[in-house]
Amino acid sequence: MKIALGVTGGVAAYKAAELVRRLQQEKLDVQVVMTRSAQEFITPLTFAALTGKKVITEMFGERDASPANVESAIEHIAVAQRIDLLLVAPATADILGHFAHGIAGDFLTTLYLATKAPVVVAPAMNVNMWEHPATQSNLAALRARGVHVVDPDEGYLACGMTGAGRLAATEAIAKKVLSVLGLRHDLEGQSVLVTAGPTCEDLDPVRFLTNRSSGKMGYAIADASVRRGAHVILVSGPTDLRIPESVDWVPVRTTEEMRTAVLERCGEANIVIMAAAVADYRPAASQAQKLKRGDAGLTIELEPTPDILAQLGGNKGGRTIVGFAAETERIAENARAKLQRKGADIIVANDVTQEGAGFDTDTNIVTLFLRDGREIPLPKLSKFDVANRILDQILTLRAS
Ligand code: CTP
């Protein structure tokens with residue numbers, strides 16, 4: 001994965017060199033961007049030697065219209081699109097102010113506005129500057145916008161004062177970066193079975209019943225689990241999604257096929273997450289030939305499909321089982337009933353009528369319902385972040 005490390009002008013700039021090394025140990029590809037004042041503290045040469053890459057120090061090169069210069073003028077857009085994360089360490093009060101107010105005068109500030117990648121800042125400054133209401137309000141604005149802040153440590157500062165403002169430890173910054181990128185390895189040795197997507201029930205050879213599930217939530221869970229070191233079996237109904245790398249992918253179409261696959265493979269898993277939107281009914285009789293059009297109305301008899309989750313919940317063994325509940329009303333009441341009825345450890349419930357939740361969106365707004373009565377509402381997050389929060393909760397339950 002690729003990250004841009006913005007280094008800004010503070011005494012702690014030298015610590016960014018050690019940070020580069022630490023991030024490289026995690027196989028991250030680091031591109032360093034320095035502000036002008038950072039170069040007063042440490043030279044670009046140090047970072048160029050460590051990364052083997054040209055350090056970006058200028059927005060524009062020479063004042064000419066040569067192709068190379070035009071290229072460098074739009075480089076911030078290319079870098080912005082290429083990176084998986086922007087880290088600024090150390091981050092001065094000045095850069096936080098620029099970010100908070102969207103003032104883009106140099107490469108780093110422009111990169112911040114141009115990228116859609118997550119942003120992590122590790123501030124370092126004099127204690128009075130840190131505590132100043134202007135700095136704190138800029139930080140609050142950035143946090144509200146989803147920027148991750150690694151708070152500075154307290155201690156003896158370069159200015160001779162003591163207090164908060166010392167750049168956080170390299171390890172704390174690296175840990176935050178890995179966690180935001182979903183690169184923790186806390187699921188090593190665990191085997192996760194995930195169901196995803198819709199199921200389809202045939203009416204005749206050309207028509208079927210299905211639902212609006214895109215599979216995005218289940219695929220995000222599979223992806224996040226693999227990144228955290230788990231072995232993943234992904235039992236998937238039909239979707240248009242890219243199969244996440246390194247998952248054991250089991251394509252299915254009907255509820256019966258999903259049930260067979262889940263029952264066959266669940267013996268390998270100690271965590272089962274049923275994100276699939278399984279059809280609740282199927283035609284009682286599937287027609288071998290295409291149904292012909294007629295003048296009279298058509299009534300199709302449906303029969304219930306087997307409840308895969310309930311079947312698993314009744315025979316849990318040592319497994320942690322998570323179900324989903326897509327609701328349009330009385331969310332908590334319905335979720336609690338499903339928790340009991342299906343024998344799950346967690347029900348992840350969402351109101352699919354809410355903007356930013358539910359089908360075919362990249363975000364979700366969910367509440368986790370636990371057996372001990374707790375309800376954990378989560379804010380609107382990307383489906384990948386929701387996946388990680390669910391995995392965090394599973395690990396907490398398994399550790400208790
Ligand atoms: N589920 C399942 N097998 C089914 C139906 C649902 O395993 N035949 C699982 C889903 O994967 C999900 C959970 O059960 O994890 C809840 O699904 P949902 O459709 O919300 O619940 P239902 O029991 O179908 O209840 P209702 O449709 O009445 O809300």
Side-chain angles (χ1 to χ4, degrees), residues 192-202 208-222 225 232-239 250-266 269 271-284 302-316 319-354 357-360 364-371 375 383 386-387 389-391 393-394 397:
V192 183
L193 187 149
V194 185
T195 66
T199 59
C200 303
E201 303 298 342
D202 292 333
F208 57 89
L209 295 176
T210 189
N211 58 66
R212 290 178 52 201
S213 168
S214 63
K216 284 183 179 172
M217 191 62 242
Y219 275 58
I221 294 169
S225 304
V232 176
I233 305 160
L234 174 59
V235 178
S236 172
T239 76
V250 184
V252 296
R253 195 158 171 278
T254 64
T255 304
E256 193 50 43
E257 285 171 16
M258 183 170 277
R259 189 178 78 99
T260 306
V262 168
L263 296 182
E264 237 171 59
R265 304 298 301 270
C266 70
I271 298 169
V272 178
I273 308 176
M274 308 279 285
V278 185
D280 286 327
Y281 290 93
R282 63 187 169 206
L302 301 177
E303 65 180 15
T305 55
D307 189 328
I308 309 169
L309 178 55
Q311 216 167 330
L312 270 186
N315 181 19
K316 270 168 78 169
R319 286 186 281 272
T320 304
I321 298 186
V322 179
F324 273 70
E327 306 291 349
T328 54
E329 57 174 356
R330 302 201 310 275
I331 319 294
E333 188 185 325
N334 286 327
R336 292 232 157 272
K338 280 179 192 169
L339 201 56
Q340 293 309 325
R341 196 168 73 234
K342 299 185 186 242
D345 297 290
I346 304 175
I347 287 286
V348 182
N350 63 351
D351 176 351
V352 289
T353 61
Q354 246 180 311
F359 299 118
D360 211 20
N364 214 347
I365 309 166
V366 305
T367 301
L368 309 187
F369 291 84
L370 275 58
R371 287 194 84 77
E375 287 178 21
K383 286 189 170 169
V386 172
R389 299 289 190 99
I390 296 168
L391 294 170
Q393 195 53 54
I394 292 171
L397 281 187

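Just follow the structure's listing: the first ligand is 1, and inside any ligand the first atom is 1. Computed from a prediction, not measured in an experiment: that's the story for all the values here.
At the top of the distance list for atom 6 (C) of ligand 1, counting protein heavy atoms only, stands Lys342 NZ, 3.7 Å. If you check which protein heavy atom lies closest to atom 11 (O) of ligand 1, you get Ala276 O, 2.8 Å. The nearest protein atom to atom 17 (O) of ligand 1, hydrogens excluded, is given as Phe324 O, 3.6 Å; this is a heavy-atom distance. Counting only heavy atoms of the protein, atom 18 (P) of ligand 1 lies nearest to Lys338 NZ, 3.6 Å. Counting protein heavy atoms only, atom 5 (C) of ligand 1 is closest to Asp280 OD1, 3.4 Å. Nearest protein neighbour of atom 3 (N) of ligand 1, counting heavy atoms only, is Ile308 N, 3.1 Å.
Distances from atom 9 (C) of ligand 1 to the heavy atoms of Thr255, Leu309, Leu312, Thr328 show the closest one on Leu309.
Neither the backbone nor the side chain of Ala275 comes within 4.0 Å of ligand 1, counting heavy atoms alone. Residue Asp307 touches ligand 1 through backbone and side chain together, judged by heavy-atom distances below 4.0 Å.
By the 3.5 Å distance cut-off applied to N or O atoms, Ala325 is not counted among the residues near ligand 1. Taking any N or O of Gly323, backbone or side chain, none lies under 3.5 Å from an N or O belonging to ligand 1. The shortest N/O to N/O separation between Ala277 and ligand 1 does not fall below 3.5 Å.
Exactly one of Arg319, Lys316, Arg371 qualifies for a salt bridge (charged side-chain N to carboxylate O under 4.0 Å, His left out) with Asp345. That residue is Lys316. No option in Thr305, Leu263, Thr199, Val250 other than Thr199 meets the side chain to side chain contact (heavy atoms under 4.5 Å, CB included) test with Met258.
Using a 4.0 Å cutoff on heavy atoms, Arg259 does not count as a contact of ligand 1. For Pro304, the heavy-atom gap to ligand 1 stays at 4.0 angstrom or more. The closest approach between a heavy atom of Thr195 and any atom of ligand 1 is not below 4.0 Å.
Taking a distance limit of 4.0 Å, we find that atom 15 (O) of ligand 1 is approached by some protein heavy atom.
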